[in-house]
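Data block below; observations after.
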Amino acid sequence: MKGLVFINQLQLNYTHDMEKAMRGSHGVGYALYSQKHEVRMKVEKKRQEDYIKSKQMVADFERKIHS
């Protein structure tokens with residue numbers, strides 16, 4: 001079937017604490033995260049942005065320490 005894309009539902013194992021953190025950070029639960037591709041993309045985009053910001057903060061901090 002050329003041209004078709006299949007996205008399977010994620011099979012995730014998660015704890016109550018992970019669920020609580022996911023809702024606190026992103027406002028969605030793992031059930032919705034695992035079912036909706038758009039939700040996963042939004043969450044992962046935000047995580048990537050947060051990662052880049054944290055790397056920049058560390059670089060700025062290290063630059064200040066060593067100057």
ask   = By the rule that ILVMFWY residues connect when side-chain heavy atoms come within less than 4.5 angstrom, directly or transitively, which residues belong alongside M57?
value = none
task = Taking side-chain contact (heavy atoms from CB on, under 4.5 Å) as the test, write out the residues that go with K36, two or more places apart.
result = L32, E38, V39
ask   = Taking all atoms of both residues into account, what is the closest heavy-atom pair of M22 and V43, and its distance?
value = CE-CG1, 4.2 Å
ask   = How long is the gap from CG on N13 to OH on Y30, to the nearest 0.5 Å?
value = 11.0 Å
inquiry  = Holding to side-chain hydrogen bond (donor to acceptor under 3.5 Å, both in side chains), I want the full list of residues that pass it with E19, two or more places apart in sequence or in another chain.
reply    = R23
message = Suppose we screen for side-chain hydrogen bond (donor to acceptor under 3.5 Å, both in side chains). Which residues come up paired with K42, at least two apart in sequence or across chains?
response = none
key: Exercise: do Y51 and Q56 side chains pair donor with acceptor under 3.5 Å   = no
query = Between K46 and D50, does at least one N-O distance fall below 4.0 Å, as a salt bridge requires?
reply = yes
key: side chain to side chain contact (heavy atoms under 4.5 Å, CB included) between E44 and Y33, intermediate numbers included   = CA-CA 10 Å; E44 295 308 321; Y33 177 85; 2.4 Å; yes
Partner set under side-chain hydrogen bond (donor to acceptor under 3.5 Å, both in side chains) for Q48, not counting sequence neighbours = none
note = D17 meets the side-chain hydrogen bond (donor to acceptor under 3.5 Å, both in side chains) criterion, sequence neighbours left out, with none
